[in-house]
Engineer: 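Take this structure, written in structure tokens, and hold onto it; I'll ask about it next.
A note on names: the letters A, B, ... follow the listed sequences, proteins ahead of strands, and every chain is numbered from 1.
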Amino acid sequence: MKFQAPKGVSEYVPPRSRAFEWTRDTLLRSIKHSGYQLVELPVFEDTELFTRGVGASTDVVSKEMYTFEDRGGRSITLRPEGTVGALRAVIEHGLDRGVLPAKVFYVGQFFRAERPQAGRYRQFYSVGIEAVGVDDPALDAEVISIAYAGFRALGLKQFHLDITSLGDGQSRAAHKVDLVAFIKTLDLDEATIVRAQLNPLRLFDDKREEVRAMMATAPILLDYLSESSRAHFLAVQSHLKALEIPFSINPRMVRGLDYYTGTTFEFVHDLLGAQSGIGGGGGYAGLMEEIGGQSLPGIGFGLGIDRALLAAEAENVVPTAEFASDLYLIPLGAAAKSTALIISESLRDSNISCEIAFGDRSLKGAMKAADKSRARYVIVLGESELASGEFELKHMASGSTSSVTLTSLVQTLQQALSVI
RNA sequence: GUGGACGUAGCUCAGCUGGUAGAGCACCCGGUUGUGGUCCGGGAUGUCGCGGGUUCGAGCCCCGUCGUUCACCCCA
């Protein structure tokens, strides 16, 4: 029996796992520099949290959730997205009772039972933030700018930002009446009509040319915004302009989760094929209350780590491997190994990374391994070195060696490494 | 969930109208009693995704299945 990973999961193993770490940590850096704090959350929740929060009519909830019954008969679901779980924790731990906005971030894997495809997995990785409790266009703009900064920090250039406003409840109700009436006049197939009944906005997102043409004259939600929603959206735009973040207003943008209100946005990469959304988010005025919290507004985003990595690879901006370890120790013989273990431990205590050549391969083989590991320095520990307490410290890039004593090793390396 | 393409060594792939499986890279050893990258010589490696069928004979043809991939759908 040969086991393989379950269908459609994204796995990262060396050497690519390094690029994955880099992607994740780069995106996180931008978030941490903005005062967001970690919420480390369960990957499964009460199923009802998602049906209420995300919306029972959404595709995500109606056909893409991994749901099961636990041994106590509870209905449990593997989280398909991050926002409602994060808000559940905010409410449960009273983070919304302190200074507002409460600002949290999360990172980890999410699960959707979809047909896998490049950039779409059944288990995928996202990083996201949520800012709860303050309604301020400047906050919206900052949230967008944090995501933008993260993508730019990765070195991405070939992506664009689409924004729109879904307005408030009144705006949407008025628009929906007119939109539904308009759609009824169209000649559509059965599946599309069903889709429109679930969420008429979906038709704006249809990829078929004929549907796009029909929808060209459809009423646009932006035209129905209330005075306050319009003012808010205009303010967000002016802040984005001040930040010099390029964006385009896309009134046809559709988000698949029911809770979005107000400012919504999407980052789309140009080189990625069908699954090109690398991040997106928006406001959610009613969500806190919907899942049992105070009536507070909020806004956040989720960024796809898998897709950001694919984008970085497509743009060829993933940095090549740095030196793996500072020092590679090659002990010759059993006594030398014991010494190598002791030396490497003390080096690591001094924050110098160090690895040892294990096994009994030839010196040539061990040197090749050292080279492969991309270690910066190498020391061979043989009988003469053990006897004299002096080694040759070899700098691999240049091939030059210098003589070092055991007692001065840490200091010498610290000096050498800080210079570089 | 629907449709198309593809599954051969660790990786990338070749394999003719069906005749008993190969290359490059990587790996190991040696050329140099204890110093890597280049070079030279040598070496190991496959249930040809899996299961069935057709055939004297299947990597190649047929069916099923699992997986990958592209698109729809959906979204990170």
Engineer: As a test of reading the structure: which of B/U35, B/U68, B/C74 is closest to the side chain of A/D59, going by heavy atoms?
Structural biologist: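 The answer is B/C74, which lies nearest to the side chain.
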
Engineer: Under 4.0 angstrom, heavy atoms only, what part of the nucleic acid is A/G399 near: base, sugar-phosphate, or nothing?
Structural biologist: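 Result for A/G399 = base.
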
Engineer: Quick one: pull up CG in A/L393 and OG1 in A/T401 and give me the separation to the nearest 0.5 Å.
Structural biologist: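 If I round to the nearest 0.5 Å, the distance is 8.5 Å.
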
Engineer: Send over the distance from A/Y260 OH to B/C75 C1', rounded to a whole Å.
Structural biologist: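 Result: 10 Å.
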
Engineer: Can you find a donor-acceptor N/O pair under 3.5 angstrom joining the side chain of A/R120 to the base of B/C74?
Structural biologist: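 Indeed there is one.
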
Engineer: When the distance from NZ of A/K63 to P of B/G1 is rounded to whole Å, what number comes out?
Structural biologist: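 Computing the A/K63:NZ to B/G1:P distance gives 11 Å.
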
Engineer: Of the candidate nucleotides B/C75, B/G30, B/U69, which contains the atom at the shortest distance from the side chain of A/S362?
Structural biologist: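 Closest of the options to the side chain of A/S362: B/G30.
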
Engineer: Distance check needed: B/C75 C1' versus A/I305 CD1, whole Å only.
Structural biologist: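 Computing the A/I305:CD1 to B/C75:C1' distance gives 16 Å.
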
Engineer: What's the closest nucleotide to the side chain of A/K364 if the choices are B/G31, B/C28, B/C73?
Structural biologist: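 Of all the options, the side chain of A/K364 is nearest to B/G31.
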
Engineer: Reckon A/E81 touches a base, only the sugar-phosphate, or nothing at all at heavy-atom distances under 4.0 Å?
Structural biologist: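 A/E81: no heavy atom of the nucleic acid under 4.0 Å.
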
Engineer: Pairing check on B/C56: which nucleotide meets the Watson-Crick or G-U wobble criteria with it, both distances under 3.5 Å?
Structural biologist: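 Paired with B/G19.
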
Engineer: I'd like to know whether the aromatic ring centres of A/Y125 and A/F20 sit less than 6.0 Å apart in this structure.
Structural biologist: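 Ring-ring flag for A/Y125/A/F20: true, centres closer than 6.0 Å.
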
Engineer: Just name whichever nucleotide pairs with B/G37, Watson-Crick or G-U, keeping both distances under 3.5 Å, else none.
Structural biologist: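 Per the H-bond distance test, none.
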
Engineer: To the nearest Å, give me how far apart CZ (A/R202) and C1' (B/C75) are.
Structural biologist: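 Atom CZ in A/R202 sits about 10 Å away from atom C1' in B/C75.
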
Engineer: Salt bridge check, A/R52 against A/E290: does any charged N sit closer than 4.0 Å to a carboxylate O?
Structural biologist: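 Looking at A/E290 and A/R52, the cut-off is met.
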
Engineer: What does A/G382 touch in the nucleic acid at a heavy-atom separation under 4.0 angstrom: a base, only the sugar-phosphate, or nothing?
Structural biologist: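 Touches a base.
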
Engineer: Distance check needed: B/G36 P versus A/Y377 OH, whole Å only.
Structural biologist: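 Rounded to the whole Å, the gap is 19 Å.
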
Engineer: Does the plane of the ring in A/H175 sit parallel, tilted or perpendicular to the ring in A/F204? Use 30° and 60° as the thresholds.
Structural biologist: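 Rings of A/H175 and A/F204: parallel, under 30°.
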
Engineer: Report the distance from atom CD of A/E11 to atom C1' of B/G67, rounded to the nearest whole Å.
Structural biologist: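 A/E11 atom CD is separated from B/G67 atom C1' by 13 Å.
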
Engineer: Over how many whole Å does the gap from A/L363 atom CG to B/C28 atom C1' extend?
Structural biologist: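 Going from A/L363 (CG) to B/C28 (C1'), I get 16 Å.
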
Engineer: Please tell me which of the listed nucleotides, B/C66, B/C70, B/U35, lies nearest to the side chain of A/Q117?
Structural biologist: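 Selected nucleotide: B/C70.
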
Engineer: Sticking with atom P, work out how far B/A14 lies from B/G49, rounded to a whole angstrom.
Structural biologist: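 So the two P atoms sit 13 Å from each other.
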
Engineer: Determine: side-chain N/O of A/R115 to OP1/OP2 of B/C70, distance under 4.0 Å, yes or no.
Structural biologist: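 Result: no.
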
Engineer: Compare the minimum distances between each of B/U2, B/A76, B/G36 and the side chain of A/R112, then state the nucleotide with the smallest one.
Structural biologist: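 Given the options B/U2, B/A76, B/G36, the side chain of A/R112 is closest to B/A76.
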
Engineer: In whole Å, what separates the P atom of B/G41 from that of B/A58?
Structural biologist: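 Between the two P atoms, the distance is 38 Å.
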
Engineer: Categorize A/A370 for me: base, sugar-phosphate, or nothing, with a 4.0 angstrom heavy-atom threshold over every strand shown.
Structural biologist: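 Here A/A370 touches no strand at all.
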
Engineer: Can you tell me the pairing partner of B/C27 across any strand shown, Watson-Crick or G-U wobble, with both distances under 3.5 angstrom?
Structural biologist: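 Here B/C27 is engaged in a pair, and the nucleotide opposite it is B/G43.
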
Engineer: Using the P atom in both, what is the distance from B/G67 to B/C29, to the nearest Å?
Structural biologist: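 After rounding to an integer number of Å, I get 39 Å for this pair.
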
Engineer: Let's see if you can work this out: which of B/C27, B/C66, B/C72 has an atom nearest to the side-chain heavy atoms of A/A274?
Structural biologist: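 Selected nucleotide: B/C72.
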
Engineer: I'd like to know if A/D371 reaches the base of B/G36 with its side chain, counting only an N/O donor and acceptor under 3.5 Å.
Structural biologist: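 Per atom types, the contact qualifies.
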
Engineer: Return the value, rounded to whole Å, for the distance between atom OH of A/Y66 and atom P of B/C75.
Structural biologist: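 Rounded to the whole Å, the gap is 17 Å.
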
Engineer: If we take the C1' atom in both B/G10 and B/U20, what is their distance in whole Å?
Structural biologist: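 About 25 Å, rounded to a whole number of Å.
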
Engineer: Both distances under 3.5 Å, Watson-Crick or G-U wobble: report the partner of B/U68, or none.
Structural biologist: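 Per the H-bond distance test, B/A5.
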
Engineer: Look at A/D162 together with A/R252 and state whether they make a salt bridge at an N to O cut-off of under 4.0 Å.
Structural biologist: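 Not counted as a salt bridge, because no side-chain N and carboxylate O are separated by less than 4.0 Å.
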
Engineer: Identify, between A/G279 and A/K368, the residue whose nearest nucleotide on RNA chain B lies closer to the 5' end.
Structural biologist: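 That would be A/K368.
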
Engineer: When you compare B/U69 with B/U8, how far apart are their P atoms, in angstrom units rounded to a whole number?
Structural biologist: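 So the two P atoms sit 14 Å from each other.
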
Engineer: By nearest nucleotide on RNA chain B, pick out whichever of A/S276 and A/P6 is the more 5' one.
Structural biologist: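 Final value for this comparison: A/P6.
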
Engineer: Does any N or O donor sit under 3.5 Å from an N or O acceptor when you compare the side chain of A/Q123 with the base of B/A76?
Structural biologist: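 Answer is no: no donor-acceptor pair is held.
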
Engineer: Let's see if you can work this out: which of B/U68, B/G36, B/C72 has an atom nearest to the side-chain heavy atoms of A/K7?
Structural biologist: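 Closest of the options to the side chain of A/K7: B/U68.
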
Engineer: Contact class for A/Y121 vs. all strands (heavy atom < 4.0 Å): base, sugar-phosphate, or nothing?
Structural biologist: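 Touches a base.
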
Engineer: What integer number of Å spans the P atoms of B/G59 and B/C48?
Structural biologist: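 Nearest-Å result for B/G59 against B/C48 at atom P: 8 Å.
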
Engineer: Between B/G4 and B/U65, how far apart are the two P atoms, rounded to whole Å?
Structural biologist: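 Nearest-Å result for B/G4 against B/U65 at atom P: 13 Å.
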
Engineer: Across the strands shown, which category fits A/I330 at heavy-atom distances under 4.0 angstrom: base, sugar-phosphate, nothing?
Structural biologist: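 No contact at all - A/I330 keeps every heavy atom at 4.0 Å or more from the nucleic acid.
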
Engineer: Kindly indicate whether the side chain of A/E392 and the base of B/G34 share any N or O donor-acceptor pair separated by less than 3.5 Å?
Structural biologist: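 Per atom types, no contact qualifies.
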
Engineer: Select base, sugar-phosphate, or nothing to describe what A/G82 touches, counting heavy atoms under 4.0 Å on all strands.
Structural biologist: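 A/G82: no heavy atom of the nucleic acid under 4.0 Å.
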
Engineer: Select one nucleotide: of B/G37, B/G34, B/C75, the one nearest the side-chain heavy atoms of A/V60.
Structural biologist: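 Of B/G37, B/G34, B/C75, B/C75 is nearest to the side chain of A/V60.
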
Engineer: Can you tell me whether the side chain of A/R307 and the base of B/C75 have a donor-acceptor pair closer than 3.5 Å?
Structural biologist: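 Check passes, donor-acceptor contact within cut-off.
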
Engineer: Looking at A/E114, is its backbone amide N or carbonyl O close enough to the side chain of A/R122 to form a donor-acceptor pair, meaning the two atoms are under 3.5 Å apart?
Structural biologist: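 Here the side-chain-to-backbone pair exists.
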
Engineer: Working note: A/D25 + A/L28, criterion side chain to side chain contact (heavy atoms under 4.5 Å, CB included); need CA distance, chi angles, decisive distance, verdict.
Structural biologist: CA-CA 5 Å; A/D25 295 345; A/L28 283 174; 4.3 Å; yes

Engineer: For A/N199 and A/S57, test the side chains for any donor-to-acceptor distance below 3.5 angstrom and give the result as yes or no.
Structural biologist: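 Result is no, nothing qualifies.
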
Engineer: Do you know the tightest heavy-atom contact between A/Y284 and A/G300?
Structural biologist: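 Of all heavy-atom pairs spanning A/Y284 and A/G300, the closest is CE2-N, 3.7 Å.
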
Engineer: In whole Å, measure the gap between the C1' atoms of B/G19 and B/G57 for me.
Structural biologist: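 Taking atom C1' in both B/G19 and B/G57, they lie 7 Å apart.
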
Engineer: Donor-acceptor pair under 3.5 Å: do we get one between A/K372's side chain and the base of B/G37?
Structural biologist: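 By the distance-only test, no, there is no pair.
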
